Amino acid sequence: MEEISKIYDPKKSEEKWYKYWMENGFFHSEPDGREAYAMVMPPPNVTGVLHMGHVLNNTIQDVLVRHARMQGKNTCWVPGTDHASIATEAKVVALLKEKGIAKKDLSREEFLKYAWEWKEKYGGIIIEQLKTLGCSCDWERTRFTMDEDLSKAVIQVFVDLYKKGNIYRGVRMVNWDPKGLTAVSDEEVNYKEVDSRLFYVKYKIENTHEASSGQATDEWITIATTRPETILGDTAVCVNPNDDRYKSLVGKRAIIPMVNRSVPIIADEYVTMEFGTGALKITPAHDINDYNLGVKHNLPLIDTINPDGTMSKEAGFYIGEDRFIVRNKIAKELEEMGQIVKVENIKNKVGYSERTDAVIEPKLSMQWFLKMDKISKPALDHVLDGTIKLIPDKYITTYRHWMENVHDWCISRQLWWGQQIPAWYCVDGTKPECREAIVTETNPGKCPHCGSINIRQDEDVLDTWFSSWLWPISVFDGFKTPGNKDISYYYPTNDLVTAPEILFFWVARMIIAGYEYLGKEPFRYVYLTGTVRDKIGRKMSKSLGNSPDPLDLIAQYGADGTRVGILLCSPAGNDLTFDELLCEQGRNFSNKLWNSFRLITTWKPEDIEPNEDALKNSSWFKNKLDEQIASIEKDYSSYRISEVLMTTYKLVWDDFCSEYLERIKISCRNGFPQKIYDDTIQYLEILLKLVHPFMPFITEEIWDNIKQREDKDRIIVAKFPTPAEVDNSLVTHFEDIRKSFVRNGRNLHQQIYLPLKQKLILISPEPNSLGL
RNA sequence: GGGCUGUUAGUUCAGCUGGUUUAGAAUGCUGCCUCGACAAGGCAGAGGUCGGCGGUUCGAGCCCGCCACAGCCCACCA
């Protein structure tokens, strides 16, 4: 046996064992006769660097995988990365800007070339970082959502859903950035509270000077708006149907000032009676809510603003002038016409583009949608009937609510990085059918209706989630070669570990795809982790700079210590406030484990009979072990991972180190019986196995140091302990002794061993029970 | 604004089907201890009106109602 170093060196073990496991195929899985345990990793963004959220998420996954592996299952944990179209494209654009290259000066092909170069260079960083954490992924199966096969699957699915009539084109409001001349996602819009002026503008009621009352006076309705420039695009005035002030006006028509257009006065519950005058002008082309009302009440759309934020021809006035200049001009003009009742200063929220800081202009655009009503039905049913279990189950209510009110999924994005939509348009079509999009997996070459070869592909790419929703199927090539060996063996996978924020974006959609394409759930258990927060409850994020670098933590406390640290505070589904102190506790635990092993190595077993105390002590611990193993097994099956860890921690620290080893030390002080030595080693091995899913490195290291072992005899594949029958009387009997025995701030060693050494007579309540 | 969840030692959390004695654990704190695995350690101790108010019950941390506060998701009020 090698000399056991006094201090455990985590770094040395981490390097040594990770390499060993990789090179000897302990992580790799191929279908065989054993029971499968499969799990797909939520693919981190290629732009990502390891943060505490990844540490939490992947540690839990690794614990589950290692536990399953030790249960003798054929485990396959598939890693990979997500192309993350928005985040990556933004990153590449920023990088090009630094080089003095503007995206708009590049062709699509040129831009994508840069993007791929970026991906090849930086896209693998997070994968390497996950290895330092000890993740036992099947790295040979690493996938990327834009790999050729996976992209093909995405296109195939799009075409299939289109043919089934589930995909359609429709109009939708997008956040338009008039400076960047691009649509931006909701996440890229910052809402800021600003000082605005609220203009009260009166609109004339049509034909009121001929009112039946006989009085030749005009009647007016006053609306309130912060955006007078959009008056030119008004197509209705709306009031609340319960508003007594306006009941008589509903059904009449109002005249839009300046353009003198007659528009209906309609009623809808949407209007807040208390705000402004309780009358709302409706501009369906330039406000999302107005748009929805427009759809509901069948109102015409007048698009009065150009993409660059200037007034369009449709506006009729101030054509080509900027919307904010026009705002003031129109306000002034209305004032002169005597149609401004008053102006109020208010604070309201205005959306700004994250990239250019321009005020976002809601703009109508053609987008692709996936119908969700029918396709999502099985995904709701099978969560409700328990085929798929959410852990913790409190998320079922939220899930249900969302799935019952699911709206169609807008799957197109105005970006270049991603799978380009497989739709072509005939540019110079002569027949009416030529105006339809041609949806096929490959370029059709010509218009099938008129034969024109002048066709062009849709510019947009698909939403990133439209590729990741296929992840559990596509990583096993379930679309490329349906029914292949891998997909039949590994699908449905067992567990999915992810954050509740993406329960709908991702989890729900994977379930939908699973039922749609394989008729089966993609996974059986969804373990939802909490959000990692700092001590004052803020979400840990890069932008706040309040997150420790996991790599620093690993360097300081070891991968094992870091893993324990993050798990000590992480019940499923609850947020966790992370404190570096926990990693220190984790490191201390590995230290304790190491030292207990060092103690055992100092014992020299002899061929003598153990005394009664040693025997009793040994059988007590055996029982304690079985009792706790049963509890651990129960906690694993209910996914109470941090409970498992705490039980294991106390079993090692309190029961094994503080009790068992201390007593053995005393009862075997005059010679160490072989039987007790063998028992102790056996107990240590059981404990190491229990600890291994949490602390893979130190356990493998100690395991290896216990004795000479075969290459296959590694703790990573050792059989996970199962409980034997527990003799409760024995457990409680010894606990009673313990309670009566320890007192006055002296431990067993101090109470028994030292007095003996000093040839003093021991005084204890039950000296004989310890065989002294 | 709509939906959901939570509130238990200083801190982070358990507490499962209402009934284990005095509501647990870890950590932190305080005191004592260099002893032969470990001071990254050992032993002991202090710490709680279970967010507030009311109700149901023989009995409530747990069930019901209201209130307060916090968080999450969705929508983004002219």
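Predicted model only: the values in this text are computed from it and were never measured. Lettering follows sequence order; numbering is per chain, from 1.
Protein atom NZ of A/K349 is 13 Å distant from nucleotide atom P of B/A75, rounded to whole Å. Distance A/L198 CG to B/C77 C1': 11 Å, rounded to the nearest Å. The interatomic distance linking A/L651 (CG) with B/A26 (P) rounds to 14 Å, in whole Å. Straight-line distance from the CG atom of A/L293 to the C1' atom of B/A75: 14 Å, rounded to whole Å. Spacing between atom NE2 of A/H407 and atom C1' of B/C73 amounts to 12 Å, rounded to whole angstrom units. If you measure from atom CD of A/E584 to atom C1' of B/A39, you get 12 Å, rounded to the nearest angstrom. As rounded to whole Å, 15 Å separates atom P of B/C13 from atom CG of A/L645. Atom C1' of nucleotide B/G3 and atom NZ of A/K394 are separated by 15 Å, given to the nearest angstrom.
Across all strands shown, A/V189 has no heavy atoms under 4.0 Å from either base or sugar-phosphate atoms. Using a 4.0 Å heavy-atom distance criterion, A/W603 is classed as making no nucleic acid contact. At the heavy-atom level, A/K650 lies under 4.0 Å from the strands shown only through sugar-phosphate atoms. Using a 4.0 Å heavy-atom cutoff across all strands shown, A/I223 reaches no nucleic acid atom at all. In this structure, A/Y649 reaches the sugar-phosphate backbone alone: every heavy-atom distance under 4.0 Å involves primed, P, OP1 or OP2 atoms, never a base. No engagement by A/D290 is indicated, since no non-hydrogen atom pair under 4.0 Å with the nucleic acid exists. No contact: A/Y200 has no heavy atom under 4.0 Å from any strand. Within the nucleic acid shown, A/T272 comes within 4.0 Å of at least one base atom, counting heavy atoms only. Across all strands, A/T226 comes closer than 4.0 Å only to sugar-phosphate atoms, never to a base (heavy-atom distances).
With both ends at atom P, the span from B/C64 to B/C43 equals 43 Å, rounded to whole Å. Between B/C50 and B/U8, the two P atoms lie 11 Å apart (nearest whole Å). Rounded to the nearest Å, the gap between the P atom of B/A70 and that of B/U56 is 32 Å. Atom name C1', nucleotides B/G18 and B/C72: the rounded distance is 30 Å, in whole Å. Spacing between B/A60 and B/G54 at atom C1', rounded to whole Å, works out to 14 Å. Taking atom P on both B/U7 and B/C63, the two are 10 Å apart, rounded to the nearest angstrom. Of the C1' atoms belonging to B/A26 and B/A14, the separation is 10 Å, rounded to the nearest Å. Between B/G47 and B/A68, the distance separating the two C1' atoms is 26 Å to the nearest Å.
Taking the centre of each ring, A/F656 and A/Y660 come in below the 6.0 Å mark. Taking the centre of each ring, A/F505 and A/W465 come in below the 6.0 Å mark.
With salt bridges taken as basic N to acidic carboxylate O contacts below 4.0 Å, none links A/K650 and A/D655. A salt bridge links A/E229 to A/R227: one of the charged nitrogens lies within less than 4.0 Å of a carboxylate oxygen. Ionic pairing of A/K11 and A/D9 is not present here: no N-O contact between side-chain nitrogen and carboxylate oxygen is shorter than 4.0 angstrom. Salt bridge absent: A/R197 and A/E344 never bring a charged side-chain N and a carboxylate O closer than 4.0 Å.
Taking only side-chain nitrogens and oxygens, A/K665 comes nearer than 4.0 Å to OP1 or OP2 of B/A37. Between A/W594 and the phosphate of B/A40, there is no side-chain N or O to OP1/OP2 separation shorter than 4.0 Å. For B/G42, one of the phosphate oxygens OP1 or OP2 lies less than 4.0 angstrom from a side-chain nitrogen or oxygen of A/K592. At the phosphate of B/G15, OP1 or OP2 sits under 4.0 Å from a side-chain N or O atom of A/R640. Applying the 4.0 Å criterion to OP1 and OP2 of B/C76, one finds that A/N289 has every side-chain N and O outside that range.
Residue A/E501 places its side chain closer to B/C73 than to any other of B/G42, B/C73, B/A37. Of the candidates B/G41, B/C43, B/A37, B/C43 carries the atom nearest the A/S658 side chain, counting heavy atoms from C-beta on. For A/C657, whose side chain is taken as the heavy atoms from C-beta onward, the closest listed nucleotide among B/A37, B/A26, B/C76 is B/A37. Here the side chain of A/T397 is nearest to one of B/A25, B/A37, B/U5, namely B/U5.
A/E606 and A/Y677 share no side-chain donor-acceptor pair at under 3.5 Å.
No donor-acceptor pair closer than 3.5 Å links the side chain of A/D579 to the backbone N or O of A/L582.
Relative orientation of the A/W402 and A/H407 rings is perpendicular, given thresholds of 30° and 60° on the angle between their planes.
Toward the 5′ end of RNA chain B lies the nearest nucleotide of A/I7, the other residue of the pair A/I7 and A/F504 mapping further downstream. Of the residues near RNA chain B, A/N591 and A/L581, the one whose nearest nucleotide (by heavy atom distance) lies more toward the 5' end is A/L581.
With sequence neighbours excluded, the residues forming a side-chain contact (heavy atoms from CB on, under 4.5 Å) with A/V250 are A/V239, A/A267, listed by chain and number.
Paired regions of RNA chain B, where each region holds three or more successive Watson-Crick or G-U pairs whose two hydrogen-bonding distances fall under 3.5 Å, are B:1-7 with B:68-74, B:10-13 with B:24-27, B:29-33 with B:41-45, B:51-55 with B:63-67.
Scanning atom types as modelled, one donor and one acceptor separated by under 3.5 angstrom connect the side chain of A/E662 and the base of B/A37.
If you take NZ on A/K281 and CG on A/D287, they are separated by 8.5 Å, rounding to the nearest 0.5 Å.
For B/G47, the glycosidic angle deviates from 0 by 90° or less, giving a syn base.
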